[in-house]
Amino acid sequence: MERKTRFEPAEVERRLFDEWIEAGYFHPEAEGTAVENFSVAIPPPNVTGVLHMGHALNGSMQDALVRMNRMRGRNTLWTLGTDHAGIATQAVVEKELAEEGASRQELGREAFVERVWAWKEEYGSRIVEQYKRLGASCDYERERFTLDEGYVKAVYRVFKQLYDKGYVYRDNYMVNWDPGSHSAISDLEVENREVEDTLYSIEYPVEGSERVLTVATVRPETMLADTAVAVNPDDERYADLVGQHCVLPLVGRRLPIIADPHVDPEFGTGALKITPGHDPNDFEIGRLHGLEEIGVIGPDGRMTAEAGERFAGLTAVEAQEAVVAALRDEGRLRDEQPYLHSVPFSHRSGARIEPLISLQWFCRMDELAKPAIEAVERDEVRITPEQWKRVYLEWMNEIRPWCVSRQLWWGHRIPVWYCDACEETIVAEDPPERCGACGGPLRQEEDVLDTWFSSALWPFATLGWPEDTPELRAFYPTSFLTTAREILFLWVARMIMTGIEFPADVPFRDVYVHSVIQARDGRRMSKSLGTGIDPLDEIDEHGADALRFGLLAMSSTQDVRFSDAKVQQGADLANKLWNASRLILLNVAEVDAAPRPVSVEDRWILSRLEATIASVTAKLEEYDFAHAAQEAYAFFWSELCDWYLEMVKPRLYEGEAEVSATLLWLLERQLALLHPIMPFVTEEIWSYHPSRQGHLTVHSFPHAEGSLRDLDAEATVQVGIELTRRLRAWRDLVEVPAATVLPARAEGAEPEEFVGRLSRFEFGDDGGDPVAAVGPVKILSSAAIDADAVAARLEARREELRSEVARSEGKLGNQKFVDRAPAEVVEEERRKLERYRAELEELSE
RNA sequence: GGGCGCGUAGCUCAGUGGGAGAGCGCUCGCCUCACACGCGAGAGGUCGCUGGUUCGAACCCAGCCGCGCCCACCA
């Protein structure tokens, strides 16, 4: 064992990680069955991604459980890989091109996609390397990518089968158009933000009447696409107008006045302009009533020819100004009011969503959702913490069709071919040569699939599905999934649906929804706010073990602030482990690690260790990482180091074989217990342990030994510890110099040997008068003791006791308490009172 | 508009019916032959507010105040 008193993580982390990789510990053979094996599929980070605190937390949790199960001897696979992240990756490369003064359009599709692949080859492994820094024990030899050849095959198989079942279809439908990425996006990729707009009230004259209908809108430019005005069917004010028409100002189109229950009579005038082409609500109303669907805003965000000559070509913002001006000219603008409301924005590009009707591919989800709902209801997939189960079920019960096509080039190009000659549509896993119906040439669909369509297959596509591979047989279903709550629907729900539909089994048994780590000040961690904390900086500064411990320890609730103190606690723990190990390993007189208790404190610590093993293990198994980490810390620091090591130092220095063997056993089990949480420092220390046969990474995980529990020893030592503490406190209060040993006499049973040594009292048979009593210990007079300080101390203690006696007497004097509280509670209170009275009496002598 | 969570020591958080806890910070004393990233001893809290249930409430119930998150097609 080295002499240096500091554990230096940077020196050992890379070396140990290389040793683990070279030994192949993380690369299991595809043997056995999923029931006996243990497997986890990492939530695949974006290939453009860099490791952030969420990855680090999630990785620490997964690695803790993966390592624990590997140590238990289970054939364990942690599958790693990255997601091609269509929009994000395409945007990165397009930005590169823009800086070169080029564009993807100039390059053309094929060359552009090649360019993205080149980018991926160069930069795509960055985040994988960062997971290694964390110590993640993934199978880096089985790294997967959602655009791998085999993975593409899985995606196409799924698409084809869903199409054949009639779930996947093409339709003109209202989509969330993202003008930023020039693509449709799904509902889940939209975020609503509060925006202050102007609410315009516009008068629509009723045909053949002097009356007008006043409608309100924040998007006056969309009126150019209005095809009706709706009122509530129960609204008496307008009952007579239903069935008539009004005339659309600026355009002159006749708009039917319809009745629809969606209209809230309380809002504004109770009349609603209907724009099926540019409003999701109106779209549904329009479909119900068979209204015309007009599009006046194009995918480029500019007004189309349908908007009329005056407006065509303007941007939507320009068109809004022009329409408002024109309405004002015509005297149709009745009112404008500032209006705060929530507006959809693209989660990816940040652009304001433009709802429009577009020809897209959809997947209906209702049939897929049914068994996925049942699986969770029946706890075949358990969601922890439990409140997320209900959130999942509620969302799944209201699931809507999923727009799966994206107008991008980077991704899985949809495996659909069109024949222009005979209008045949062919869906196939492999590109067909020519049209099966007429033999004509085919043209492949331009769009790609939503990235989440492929990540939905992750747990089985990474294992080789649709081939019947040994990996699939050995490792599917996976054992559990840990995830951030924001992707519960986006990803987790879809994996459950596809898992049941395709490999015909749930993809994992457990879903753990982990904490969100906020910035130190409680704001979100985000790049744009500048509130992000880089996990790699933390690793550089404090070590991977410290960060892992800190993250697990701080993750007790669903929202927690990043705590530097917890990371520091982890770093301190690593250092303390190192130094306690030095004490043991540099002084033991034995090479045998075995429990050989010869004293009550030996039996005590062995018992406490086994209790800790049982408790920490149980907490890890139920995903309570925070308490597992803190409990392991508390045992090691407070019980093992502060007390036991101090108790046995003399025996250790004397070269006692028994205590040496016991210490080696304690150290071995302590290191193994902590290894899943802090793999590096424990592995490094293990390399100096005489029992070492191989790496700790593949050492057995400790199983709590009930036979070593000894409650009598625990009680006895606890009494000794408490007495030691009271004696130390007494010394401190009367200001005896730390090094001075004071004379004392024990009344009744002699305290345990360590009591006097650790509190610096010398017990003897001196019959002199005591100056004070601490429990059964009489403290004898000595030059080091200040009589006034003792008197003050005594009075303070008496005061404490009087107050306790009063409290206890009050409680016991309450007849209702004595009558109604459980007998053992009352009895315990009586015992306390007796003790307080006895001590008070003793001090008053 | 619905749903969920949170409010406990200066800070970050445990504690979910019987005498308020941890880590950090602070005070005092120790370079005691593993560790000063350490050891020992302390100070510090009307457990958000108001009611209720109970012999007894930080803990259970109701209302209120403050903070956060998720879902939702009211123009």
Side-chain angles (χ1 to χ4, degrees), chain A residues 1 3 5-7 174 192 199-200 215-219 222 230 262-264 266-269 271-275 279-285 339 341-342 344 355 385 387-388 390-391 394-395 398 485-486 488-489 516 518 520 522-524 542 546 553-554 556-566 568-569 571-587 626-627 630 633-634 638 641-642 645-646 649 652-653 724-725 728-733 735-739 758-760 804 807-808 811 814-822 824-826 828-829 832:
Chain A
M1 187 89 186
R3 294 282 161 183
T5 61
R6 294 286 151 74
F7 172 66
M174 174 71 49
N192 291 301
L199 184 66
Y200 297 93
V215 299
T217 179
V218 292
R219 301 285 314 271
T222 64
H262 283 91
V263 182
D264 176 5
E266 305 293 319
F267 189 92
T269 61
L272 175 64
K273 76 194 236 346
I274 302 295
T275 321
D279 184 281
N281 259 329
D282 297 1
F283 176 78
E284 294 201 357
I285 294 174
Y339 186 66
H341 65 147
S342 71
Q387 66 254 33
W388 295 106
R390 227 182 78 208
V391 174
E394 280 173 9
W395 185 78
E398 309 230 332
R485 58 180 177 244
E486 73 246 25
L488 192 60
F489 307 137
V516 172
Q518 300 164 331
R520 293 176 246 259
R523 288 188 293 170
R524 290 176 60 84
H542 305 286
M554 74 179 84
S556 55
T557 58
Q558 287 283 293
D559 289 285
V560 288
R561 298 182 183 199
F562 185 81
S563 163
D564 295 292
K566 287 286 194 294
Q568 187 60 49
Q569 200 179 341
D572 292 347
L573 176 57
N575 197 58
K576 188 85 168 172
L577 275 166
W578 175 258
N579 280 298
S581 302
R582 286 178 55 242
L583 172 67
I584 295 169
L585 295 173
L586 293 173
N587 291 286
H627 292 100
Q630 306 248 42
Y633 173 95
S638 306
C641 292
D642 288 351
L645 292 182
E646 296 302 330
K649 268 180 184 174
L652 179 62
Y653 293 145
T724 305
R725 284 210 171 106
R728 283 168 169 173
W730 188 89
R731 300 175 56 105
D732 235 50
L733 275 166
E735 297 182 320
V736 177
L758 299 183
S759 60
R760 297 196 182 228
E804 287 298 333
R807 185 195 57 76
S808 195
K811 206 165 178 179
N814 180 349
Q815 199 55 43
K816 286 181 177 172
F817 171 72
V818 176
D819 290 346
R820 302 194 197 181
E824 63 269 25
V825 172
V826 177
E828 178 58 28
E829 196 59 45
K832 282 182 198 165

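Proteins get letters first, then strands, A, B, ... in listed order; numbering begins at 1 in each. We use all heavy atoms of the structure for the numbers below, so side chains are in, but hydrogens, waters and symmetry mates are not.
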Exercise. Base, sugar-phosphate, or nothing: which does A:Ala821 touch, judged by heavy atoms less than 4.0 Å apart?
Worked result: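 The residue A:Ala821 makes base contact.
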Exercise. With a non-hydrogen cut-off below 4.0 angstrom, is A:Arg731 in contact with a base, only sugar-phosphate, or nothing?
Worked result: nothing
Please state how far atom [atom1] in [X] lies from atom [atom2] in [N], giving the value in whole angstrom units.
X	N	atom1	atom2	answer
A:Arg728	B:rC39	CZ	C1'	9 Å
A:Arg725	B:rC39	CZ	C1'	13 Å
A:Gln630	B:rC13	CD	P	12 Å
A:Arg6	B:rC37	CZ	C1'	6 Å
A:Arg807	B:rG56	CZ	P	16 Å
A:Tyr633	B:rC13	OH	P	18 Å
A:Glu398	B:rG3	CD	C1'	12 Å
A:Asn575	B:rC39	CG	P	11 Å

Output all residues satisfying salt bridge (Lys or Arg N to Asp or Glu O under 4.0 Å) with [X], sequence neighbours left out; order by chain, then residue number.
X	answer
A:Glu486	none
A:Arg485	A:Asp559
A:Arg807	A:Glu804, A:Glu829
A:Lys566	none

Now, which nucleotide makes the Watson-Crick or G-U wobble pair with [N], with each of the two distances under 3.5 Å?
N	value
B:rC6	B:rG66
B:rG1	B:rC71
B:rC60	B:rG52
B:rG38	B:rC30
B:rA22	B:rU12

Problem set entry | Neighbour count above 12 (heavy atom, 6.0 Å) for A:Glu828 CD | yes
Residues in ring-ring contact (aromatic ring centres under 6.0 Å, His included) contact with [X], at least two apart in sequence or another chain:
X	value
A:His341	A:Tyr339
A:Tyr653	none
A:Phe283	A:Tyr173

Between the protein and nucleotides 29-34 of chain B, list every N/O to N/O distance that falls short of 3.5 Å.
| unit_1 | atom_1 | unit_2 | atom_2 | d |
| --- | --- | --- | --- | --- |
| B:rA34 | OP1 | A:Lys649 | NZ | 3.4 |
| B:rA34 | OP1 | A:Tyr653 | OH | 2.8 |
| B:rA34 | OP2 | A:Tyr653 | OH | 2.0 |
| B:rA34 | O2' | A:Asn579 | OD1 | 2.9 |
| B:rA34 | O2' | A:Arg582 | NH1 | 2.4 |
| B:rA34 | N7 | A:Lys649 | NZ | 3.2 |
| B:rA34 | N6 | A:Glu646 | OE2 | 3.2 |
| B:rA34 | N3 | A:Asn579 | O | 3.3 |
| B:rA34 | N3 | A:Ala580 | N | 3.2 |

Seminar exercise, completed: Among B:rG5, B:rA41, B:rG18, the one nearest any side-chain atom of A:Gln387 is B:rG5
Quick one: which protein N/O atoms are closer than 3.5 Å to N/O atoms of nucleotides 7-12 of chain B? Pair and distance per line, please.
| unit_1 | atom_1 | unit_2 | atom_2 | d |
| --- | --- | --- | --- | --- |
| B:rU12 | OP1 | A:Arg561 | NH1 | 3.1 |

For this session: Could you say whether A:Lys832 or A:Glu394 is positioned toward the 5' end of RNA chain B, judged by the nucleotide with the nearest heavy atom to each?
Result: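 That would be A:Glu394.
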For this session: Report yes if a side-chain nitrogen or oxygen of A:Arg390 is closer than 4.0 Å to either non-bridging phosphate oxygen (OP1 or OP2) of B:rC4; otherwise report no.
Result: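 Result: yes.
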Could you tell me how far [M] sits from [N] if I compare only their [atom1] atoms? Round to whole Å.
N	M	atom1	answer
B:rC6	B:rG48	C1'	11 Å
B:rC13	B:rG17	C1'	22 Å
B:rC33	B:rU16	P	42 Å
B:rC60	B:rG25	P	33 Å

Exercise. What residues, two or more places apart in sequence or in another chain, satisfy side-chain hydrogen bond (donor to acceptor under 3.5 Å, both in side chains) together with A:Lys811?
Worked result: none
Problem set entry | Which residues share a side-chain hydrogen bond (donor to acceptor under 3.5 Å, both in side chains) with A:Arg219, sequence neighbours left out |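 Listed in chain order: A:Glu221, A:Glu354.
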For this session: Answer yes or no: is there a side-chain heavy-atom contact under 4.5 Å between A:Leu645 and A:Ile584?
Result: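 Contact flag for A:Leu645/A:Ile584 side chains = yes.
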Exercise. Can you check whether A:Thr5's main-chain N or O pairs, donor with acceptor, with A:Asn579's side chain at less than 3.5 Å?
Worked result: yes
Problem set entry | Annotated protein contacts, base or backbone, on nucleotides 68-74 of chain B with a non-hydrogen cut-off under 4.0 Å, one of B, S, - each | -S-S-BB
For this session: Kindly assign one of parallel, tilted or perpendicular to the pair A:Trp395 and A:Phe489, based on the angle between their ring planes and the thresholds 30° and 60°.
Result: parallel
